[in-house]
Protein chains: 2
Amino acid sequence: MTDINFSTAAGDPDSKGSDAAGRANELRWDIIELLFFAYRDFVGDADHELEAFGFGRAHHRVMHFVHRYPGLKVADLLDVLRITKQSLGRVLKQLLDEGYIVQKTGNNDRRQRLLYATPKGETLVAKLAGLQTDRINRAVQEIDPAGQEAVRQFLRAMIDRDDPDKVLETIFGSSKKPRE
Amino acid sequence: MTDINFSTAAGDPDSKGSDAAGRANELRWDIIELLFFAYRDFVGDADHELEAFGFGRAHHRVMHFVHRYPGLKVADLLDVLRITKQSLGRVLKQLLDEGYIVQKTGNNDRRQRLLYATPKGETLVAKLAGLQTDRINRAVQEIDPAGQEAVRQFLRAMIDRDDPDKVLETIFGSSKKPRE
DNA sequence: AATTTATGTCAGTCATGTTGACATATCTTG
DNA sequence: CAAGATATGTCAACATGACTGACATAAATT
């Protein structure tokens with residue numbers, strides 16, 4: 001062992017996957033790195049726009065899921081975002097105060113505050129999704145349908161399924177698309 | 001429940017891409033969401049392990065790139081991570097103090113501090129990469145080689161190429177299309 | 001009536017990001 | 001060589017978004 005070793009480094013838990021191309025036992029530095037850069041630039045699109053509103057990533061995530069799953073409960077949102085009540089409370093309060101989201105008391109359970117995006121909120125979330133959609137469209141434009149399906153399959157398979165929250169149940173449970 | 005509209009929200013910037021499957025003009029909520037969950041769980045693997053070392057994501061990113069690009073300058077690292085000197089300084093100092101990284105004075109330019117991972121650092125970074133590689137292997141195991149290449153192509157195409165830092169030059173510069 | 005649940009809120013802490021200023025060593029240039 | 005530019009390190013101060021733990025309220029459940 002010289003000083004720098006990386007292909008057979010200690011703690012290699014391999015064993016699990018040996019893919020069709022036969023590169024088992026190898027650390028996937030390339031994908032790891034691509035994921036970092038891809039996600040960095042992907043969220044960067046929205047981050048820049050959010051500054052103009054005085055919002056951050058946390059606001060975006062809340063808006064996104066409230067928009068996509070109208071009537072989401074606060075507790076569901078906590079599961080999805082995997083943050084604490086305290087952290088959510090801050091951004092949610094801002095979004096409520098500034099009219100991007102409204103709460104409605106649950107019909108069956110009046111303790112629940114069901115969350116809905118207002119038109120103002122819809123506009124914001126669509127604007128941000130538009131930026132990200134542009135990037136996605138650019139990225140897939142030279143990939144054939146089968147390849148695009150592979151991308152989708154890959155992303156789905158990267159997600160933990162042992163503790164599906166309400167949103168993931170919708171995504172995976174029906175195995176189709178949540179909306180549309 | 002007639003006050004909430006979500007499918008025809010304003011500000012739709014569309015127009016940019018019309019992919020082969022003919023779903024132009026549509027926001028790609030599915031991919032946006034899958035990216036969120038996939039990345040959340042992907043980095044979650046490492047986050048959990050890092051706790052045992054008293055480190056965070058920032059430390060991981062530094063270790064990763066120093067390992068992958070031995071002799072990286074501090075300035076390069078700042079470009080790649082897109083954080084400030086101050087932020088980097090804090091985590092870098094810890095990693096140096098605790099022996100995960102060493103600095104060497106540049107040969108040509110003695111102002112430079114070239115960064116290298118120590119064996120201790122290599123072990124850590126390989127352990128983390130192992131966890132993430134397991135997830136990636138699991139995700140691609142049912143995807144054929146062509147599909148896997150599509151995944152790689154997708155991730156590469158998601159990355160900004162207008163301001164390539166030293167690392168991105170290495171990733172993209174040597175390969176096919178610099179900017180097409 | 002007592003307990004549990006869903007939500008909201010307070011106080012304090014931590015990690016990681018920011019800006020701006022400044023110090024030092026070293027390289028480059030007039 | 002002197003002057004300036006560059007690479008790095010460091011200080012103070014601050015913002016955001018996480019965290020914990022405690023506690024309050026209203027409503028549902030037992």
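These numbers come from the heavy atoms of this one structure, side chains and all, not from hydrogens, waters or symmetry mates. Convention: sequence-line order gives letters A, B, ...; per-chain numbering from 1.
- A:E51 has its CD atom 11 Å from the P atom of D:dT16, to the nearest Å.
- Between A:H67 and B:W29, the ring planes lie tilted relative to each other; the angle falls in the 30° to 60° range.
- At a threshold of 4.0 angstrom between heavy atoms, the contacts of A:G89 with the nucleic acid are absent.
- For B:L77 and D:dA7, the CG to P distance is 15 Å, given to the nearest whole Å.
- Using a 4.0 Å heavy-atom criterion, one finds that A:Q94 contacts no nucleic acid atom at all.
- Within 4.0 Å of A:K85, counting heavy atoms only, lies at least one base atom of the nucleic acid.
- Defined by atom type and a distance below 3.5 Å, a donor-acceptor pair is present between the side-chain atoms of A:E33 and B:H64.
- In this structure, B:S87 does not reach the C:dT16 phosphate: none of its side-chain N or O atoms is under 4.0 Å from OP1 or OP2.
- Here D:dA18 is the nucleotide among D:dA18, C:dG8, C:dG17 with the atom lying nearest to any side-chain atom of A:A58.
- Straight-line distance from the CG atom of A:L81 to the P atom of D:dC19: 10 Å, rounded to whole Å.
- Residues B:V43 and A:Y39 fail the side-chain proximity criterion, which asks for heavy atoms closer than 4.5 Å.
- Two residues, B:R90 and B:D76, neighbour DNA chain D, and the one matched to the more 5' nucleotide by heavy-atom proximity is B:D76.
- Atom NZ in A:K93 sits roughly 17 Å away from atom P in C:dT7 (whole-Å rounding).
- Set against D:dT8, D:dT20, C:dT18, the side chain of B:V74 has D:dT8 as its closest nucleotide.
- Remark: B:Q103 is in phosphate contact with D:dG9, judged by side-chain N or O atoms under 4.0 Å from OP1 or OP2.
- A salt bridge links B:D160 with A:R135; the closest basic N to acidic carboxylate O contact falls under 4.0 Å.
- A:F65 has its ring centre less than 6.0 Å from the ring centre of B:F37.
- In this structure, A:R82 places its CZ atom 14 Å from P of D:dA18, rounding to the nearest Å.
- Checked by distance alone, A:R57 brings no side-chain donor or acceptor within 3.5 Å of a matching partner on the base of D:dA18.
- Taking atom CZ on B:R110 and atom P on C:dT26, their separation rounds to 5 Å, with Å as the unit.
- Taking every side-chain heavy atom of A:L92 into account, C:dG8 is the closest of C:dG8, C:dT18, C:dT7.
- Each of A:V91 and B:D109 lies near DNA chain D, and the nucleotide nearest B:D109 is the one positioned closer to the 5' end.
- Contacts of A:N108 with the nucleic acid, taken as non-hydrogen atoms under 4.0 Å apart, involve only primed sugar atoms and P, OP1 or OP2.
- A salt bridge links A:K93 to A:D97: one of the charged nitrogens lies within less than 4.0 Å of a carboxylate oxygen.
- Atom P of nucleotide D:dG17 and atom CZ of A:F55 are separated by 10 Å, given to the nearest angstrom.
- For B:R111 against D:dT6, a side-chain-to-base donor-acceptor contact under 3.5 Å is present.
- Between B:L78 atom CG and D:dT8 atom C1' there is a gap of 10 Å when expressed in whole angstrom units.
- Comparing C:dT19, D:dA18, D:dG9 against the side chain of A:I83 picks out D:dA18 as the nearest.
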